[in-house]
Amino acid sequence: MKRKTKTLKPWSSNEKRDTNKMKGTLARHLQGQLGISSLQHQSSSSISSSNPSNRFQNHLEPVDENSALSVDVDAYVDDKETILTQDFFCTPDYITPDNQNMLNSFDCNKENIPCPKSPEKLNTTKSKRYRQDGFLVNPLSPSSGYQDIVDLAKDGFGIDEIKVDKTAVIGTQKTQNYVSQSAVALRCRVMPPPCIKNPYQKDASEMDIDPFGNQRAKCADGTVRKFLDSSFYSCNYTILQFPGFFPAIIGGNGLSRYHTDFHEIEQIGAGHFSRVFKVLKRIDGCFYAVKHSTRQLQQDRDRRKALMEVQAMAALGSHENIVGYYSAWFENEQLYIQMELCDHSLSIDKASQLFTEGEVLKALHQVIHLQSIIFANLTFETSFTLAKN
Ligand SMILES: Nc1ncnc2c1ncn2[C@@H]1O[C@H](COP(=O)(O)OP(=O)(O)OP(=O)(O)O)[C@@H](O)[C@H]1O
């Protein structure tokens, strides 16, 4: 009697018909997939009852036999909606559904597979040993559980990844905000604003010969010209003046590029407003230094200022006296810079006096002559003197 009342929902006949139709389709699908013979009755009766009064009568019938099945189909429909929403945001592979990530492709043993050694950088032994110590548990083995995964997550992974793992272990329990988190992260990651010209780089027409060949990334001047020729953007600025131009990308509940792409080894330095870490890039197995600002760059102006260092490094390119630059991004309102990892500390030990004044002047002269860049933290007089000398 109680169940009978439950089926008397105040639905319109159209709504009910649509739902039944969907359930019928899904039921047939499930039947095919799972071989559930009991579905036969429900799906066929739903479809064959073309008479409205019969259909209404069917609604009044007890559904005790198929009630559990009915609930399952509802859940399936909900899942389908979630998947469709996800498809809408074009989820890339590495952030496809959490549980799928976890159960199908994430295998902690894979973390132990040695990264392919770079032909140039062969000193990856230390990192591999470190990781082997930390990754002993396969989350897919019967003995592993939530605690194991949390322990793994503590080893260099960020909070974000812990959250992902939690979701996966809970299993089919759905989280309300899964799609929205992915969507936010995706929107921020796949739509970076274009930097159409580096303020520290000479105009393409002035650079007849590129001394660095293809060794470094550059601003796409071809793209710039297309933008300008279209006369849509008549912009004398070096960067398009969009409001909120440099977004304070993700962090918090979103995905972390830093933790996705890099395995943090240790802190190797600290500046006035930054910290520098030795990291292993997961995809190429090489060590890099990643510097990130310690204070949050909430204002667009602050982000532009912080980016000056990045733009200068990118424009300078490869030089024996300049730390190599690879990439930069905003995350959690902080600027991250991926750089070449230097063997020794870059701090000048005052006691040992590594460089003479002449050597420093010579190096600076080379740099200034090379790219006509005057460092922001040098006074005009100093720079002028150095350049002149
Ligand atoms: N690429 C690198 N490889 C190795 N160590 C590095 C690298 N970059 C920075 N460090 C270490 O981190 C320390 C601080 O970095 P850096 O000199 O860039 O900071 P800063 O410019 O003084 O700081 P801020 O930008 O906050 O003013 C350096 O003194 C050095 O020890």
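In listed order, ligands and their atoms are each counted from 1. The figures that follow rest on heavy atoms only: side chains count, while hydrogens, waters and symmetry mates do not. All values derive from a computational prediction rather than experimental measurement.
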Looking at Lys305 and Asp302, is there a salt bridge between them, counting it only when a charged N and a carboxylate O are closer than 4.0 Å?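 A salt bridge is absent here (no side-chain N lies under 4.0 Å from a carboxylate O).
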For [X], which part has a heavy atom under 4.0 Å from ligand 1: side chain, backbone, both, or neither?
| X | result |
| --- | --- |
| Cys342 | both |
| Ser293 | neither |
| Lys278 | neither |
| Met339 | side chain |

Would you check, one step at a time, whether the test side chain to side chain contact (heavy atoms under 4.5 Å, CB included) holds for Asp261 with Ile283? CA-CA 7 Å; Asp261 291 355; Ile283 202 161; over 6 Å; no
Give the atoms of ligand 1, by number and element, whose distance to some non-hydrogen atom of [X] is under 4.0 Å.
| X | value |
| --- | --- |
| Glu340 | 1 (N), 2 (C), 3 (N) |
| Phe273 | 24 (P), 26 (O) |
| His272 | 23 (O), 24 (P), 26 (O), 27 (O) |
| Ile268 | 4 (C), 5 (N), 31 (O) |
| Ala289 | 1 (N), 2 (C), 3 (N) |
| Gly269 | 11 (C), 12 (O), 13 (C) |
| Val323 | 1 (N) |
| Lys291 | 16 (P), 18 (O), 19 (O), 20 (P), 21 (O), 23 (O), 25 (O) |

Holding to side chain to side chain donor-acceptor pair (under 3.5 Å), I want the full list of residues that pass it with Ser327, two or more places apart in sequence or in another chain.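 Gln338.
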Ser274: which residues meet the side-chain contact (heavy atoms from CB on, under 4.5 Å) condition with it, sequence neighbours left out?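 If we apply the side-chain contact (heavy atoms from CB on, under 4.5 Å) test to Ser274, skipping adjacent residues, the hits are Lys291.
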Any side-chain heavy atom of [X] within less than 4.5 Å of one from [Y]?
| X | Y | value |
| --- | --- | --- |
| Tyr258 | Phe277 | yes |
| Asn332 | Gln296 | yes |
| Leu297 | Gln299 | no |

Got a donor-acceptor contact below 3.5 angstrom from the Arg275 side chain to the Ser293 backbone?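 No.
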When rounded to the nearest 0.5 angstrom, what distance separates CG in Leu335 from CZ in Phe330? 4.5 Å
Considering Asp343, Ile337, Val276 one by one, which has a heavy atom nearer to atom 12 (O) of ligand 1 than any of the others?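 It is Val276 whose heavy atom sits nearest to atom 12 (O) of ligand 1.
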Return yes or no for this condition: an N or O of Leu341 is under 3.5 Å from an N or O of ligand 1.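 The answer is no, given that Leu341 and ligand 1 share no N or O pair closer than 3.5 Å.
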